[in-house]
Number of protein chains: 2
Amino acid sequence: MSSNPKPEPATVKLAPKAVVGRVCLYLRQLELLHGQGEITISSAELGAPLSIKNAQVRKDLAYFGQFGHPGIGYQIDDLIGALRHVLGVDHEWPLALVGFGNLGRALLGYHGFRSRGFKIVAIFDADPAKIGRKLDRLVIEPLESLLQVVAARQITLALLCVPAEVAQSVADRLVAAGIVGIFNFAPTPIHLPEHVSLIGVDLGAQLENLAYKVEKSRELAPGASQASSY
Amino acid sequence: MSSNPKPEPATVKLAPKAVVGRVCLYLRQLELLHGQGEITISSAELGAPLSIKNAQVRKDLAYFGQFGHPGIGYQIDDLIGALRHVLGVDHEWPLALVGFGNLGRALLGYHGFRSRGFKIVAIFDADPAKIGRKLDRLVIEPLESLLQVVAARQITLALLCVPAEVAQSVADRLVAAGIVGIFNFAPTPIHLPEHVSLIGVDLGAQLENLAYKVEKSRELAPGASQASSY
DNA sequence: TAGATTGTTAATCGATTAACAATC
DNA sequence: TAGATTGTTAATCGATTAACAATC
C-alpha cells in the first residue's frame with residue numbers, strides 16, 4: 001500500500017454510463033498491448049485505435065483516480081490492475097443463464113464472458129422437455145429451483161433470454177431469489193426495484209438502427225455517411 | 001464533378017443516435033397497442049411504459065415531422081406507418097450471416113430479426129468443415145463466394161459474428177463485396193470507409209458494465225442503486 | 001366553452017473538447 | 001534543460017426538461 005493522496009472524501013461520484021462503457025474498451029485495448037509486451041502508453045496512443053480523443057481518455061480515467069505520470073504516460077500493467085478493480089472484474093462472477101432457447105445456447109458457449117471471469121454456473125428453463133438435459137457440467141433446472149440454487153451457488157447476476165411475454169415475471173422471480181443484476185436480452189423493457197441493476201440489449205432494435213443509418217446515407221447521396229467504430 | 005457541396009439546405013437533419021434508438025422503442029410499443037385495439041395515444045401514455053418523459057417523446061417525433069393532433073394525441077396506425085418509413089423498415093432487408101459459430105447459429109433462429117423484415121438469405125463461414133452444410137433453406141458458403149452471392153441476392157447488410165482476430169479483414173471483404181451496413185458482434189472495434197454504416201454490440205463489455213453497476217451499488221450501501229429500463 | 005395535448009422555444013443539465021500550468 | 005504528457009479548468013457543444021401559445 002503506497003501513500004495514496006485521498007482515498008474517498010465522501011466523493012462517491014458514480015461514473016456516467018458513457019464513461020464506464022469506454023473504460024471497458026480501454027481495458028481490452030490495454031490487455032492487448034500488454035500481451036504485445038508494451039510497457040507504457042500515452043492517452044493519445046490508447047485512444048487512437050478506438051477513435052477516442054486523448055483529452056477524453058484522460059478525463060475518463062480521472063474519474064477513478066490518478067493513474068498517469070506526466071511526461072511519460074500510463075504504466076500498462078498498473079492501469080490494467082486499477083481498471084479491473086474499478087470495473088469489478090478482478091474476481092469471478094457466478095452467472096445464471098435463464099431461458100435456454102437459441103440465444104441462451106449461444107451465450108453458454110460465448111467466450112467473451114468466460115474470459116472476463118463471468119462463469120455460468122446454472123441454467124434454468126420453464127420447458128419440461130428441456131429440464132434435466134445435461135450440458136457441459138450443468139443440468140437444466142426448473143424455475144422452481146431458483147431460490148435454492150441461487151443461494152447455494154452464490155449467484156449474483158442473471159442472463160435473461162426468455163420470450164418477451166414472460167420477461168417481466170421471470171425477472172421478478174429472479175429478484176425474489178436474490179439476484180442483484182440482470183442482463184436482459186428479451187426485446188421488451190423490464191422494470192426492477194431500485195437495488196437491482198439492469199443492462200438491456202435489444203438486438204432487433206439495434207438492427208433497426210443500422211437500417212436507419214443505411215437508409216439515411218442513401219438519401220444524403222451515394223457516398224456520404226458517418227463512419228464510426230465500436 | 002458533383003456540384004453539391006451541401007445537398008439539401010434545410011431539411012437534412014439526421015437524427016442523433018439516441019433519438020433513433022428511442023424511436024425504435026416507440027414503434028414497438030405502438031405496434032403492441034395497435035394489436036390491443038387502441039386508436040390514439042398521447043405522448044405521455046406512449047412514454048410511460050418506457051420511462052420516457054412526454055416532452056422527450058414529442059421532441060423525438062418532431063425530428064421526423066408533425067404526426068400529432070393538439071388536444072387529441074397521435075393516431076396509432078398513422079404513426080406506425082410513418083415511423084416504419086422513417087426507420088426504413090417498411091420493406092425487406094436481405095441479410096448475410098457471416099461466421100457460423102455459437103452466436104451465428106443463434107442469430108439464424110432469432111425471431112426478433114425476422115419479425116422486422118430482416119431476412120437472412122446467405123450464410124458464410126471460413127471453416128471447410130462447415131461449408132456445404134444445409135440449414136433451413138440455406139447452405140453455408142465459403143467467403144470466396146461473397147462477391148457473387150451478395151450481388152445476386154442483393155444483400156445490403158451483414159451480421160458479423162467471426163472471431164475478433166479476423167473481424168477487420170472479413171469486414172473489409174464485405175465492403176469490397178458491396179455491403180453497406182455491418183452489425184459487428186466481434187469483441188473488437190472495426191474501421192470502415194465512410195459510406196458504410198456500422199453498429200456494434202460487444203456483449204462482454206456490456207456485462208462488465210453490469211458488473212460495475214452492481215459493484216458500485218454495493219459500495220454505496222445495501223439498497224441504493226439507480227434502476228433503469230431498456 | 002373548457003379541457004387536453006400538441007409542436008416549439010427557452011432554460012437546464014451533462015458530456016466533450018481545447019487549452020495550459022504542473023510535472024517528469 | 002527541452003520535450004512529452006499528465007490532470008484539470010474553462011469553453012463548447014449537444015441533449016433533456018420545462019413552459020406555453022396554438023389548436024382541436
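Numbers restart at 1 for each chain; the letters A, B, ... are given by sequence-line order, proteins then strands.
Residue B:Ile76 holds its CD1 atom at 6.0 Å from CG of B:Leu30, rounded to the nearest 0.5 Å. Rounded to the nearest 0.5 Å, atoms OG (A:Ser217) and OH (A:Tyr212) are 10.5 Å apart. With values rounded to the nearest 0.5 angstrom, B:Leu107 atom CG is found 4.5 Å from B:Leu103 atom CG. Separating the CD atom in B:Gln75 from the CD1 atom in B:Ile39 is a distance of 7.0 Å, to the nearest 0.5 Å.
Comparing B:Ile41 and A:Ala18 by the nucleotide of DNA chain C whose heavy atom lies nearest to each, the residue mapping closer to the 5' end is B:Ile41. Judged by closest nucleotide on DNA chain C, A:Val19 is the one of A:Val19 and A:His69 placed further toward the 5' end. Between B:Gln56 and A:Glu45, it is A:Glu45 whose nearest contact on DNA chain D lies nearer the 5' terminus. Along DNA chain D, the nucleotide nearest A:Ile72 and the nucleotide nearest A:Ala55 are compared for position; the residue whose nucleotide lies closer to the 5' end is A:Ile72.
In this model, the phosphate group of D:dG7 is approached by a side-chain N or O of A:Tyr74 to a distance below 4.0 Å at OP1 or OP2.
When the nucleotides C:dT17, D:dT6, C:dT6 are ranked by their closest atom to the side chain of A:Lys53, C:dT17 comes out on top. Comparing C:dA18, C:dT5, D:dT17 by their closest approach to the side chain of B:Lys59 singles out D:dT17. For B:Ala62, counting side-chain heavy atoms from C-beta on, the closest listed nucleotide (C:dT8, C:dA18, D:dT16) is C:dT8. Side-chain proximity of A:Ser42 to C:dT6, D:dA15, D:dT6: nearest is D:dT6. The nucleotide whose nearest atom lies closest to any side-chain atom of A:Gln66 is, among C:dT6, D:dT8, D:dA18, D:dT8.
Under the 4.0 Å criterion applied to side-chain N and carboxylate O atoms, A:Glu31 and A:Arg116 are assigned as salt-bridge partners.
Atom pair A:Arg22:CZ and C:dA15:C1' shows a separation of 8 Å (rounding to whole Å applied). Atom-to-atom, CG of B:Leu79 to C1' of C:dG7 comes out at 14 Å; the value is rounded to the nearest Å. Taking atom CZ of residue A:Arg58 and atom P of nucleotide C:dC20, one finds them 13 Å apart after rounding to whole Å. Atom-to-atom, CG of B:Asp60 to P of D:dG14 comes out at 17 Å; the value is rounded to the nearest Å. When the C1' atom of D:dT6 is taken as reference, atom OH of A:Tyr63 falls 18 Å away, rounded to whole Å. With rounding to whole Å, A:Gln75 atom CD is found 13 Å from D:dT6 atom P. In this structure, A:Asn54 places its CG atom 14 Å from C1' of D:dT8, rounding to the nearest Å. Rounded to whole angstrom, the span from the CG atom of A:Asp78 across to the P atom of D:dT6 amounts to 15 Å.
Across every strand in view, D:dT6 sits in a pair with C:dA21 that passes the Watson-Crick or G-U test at under 3.5 angstrom.
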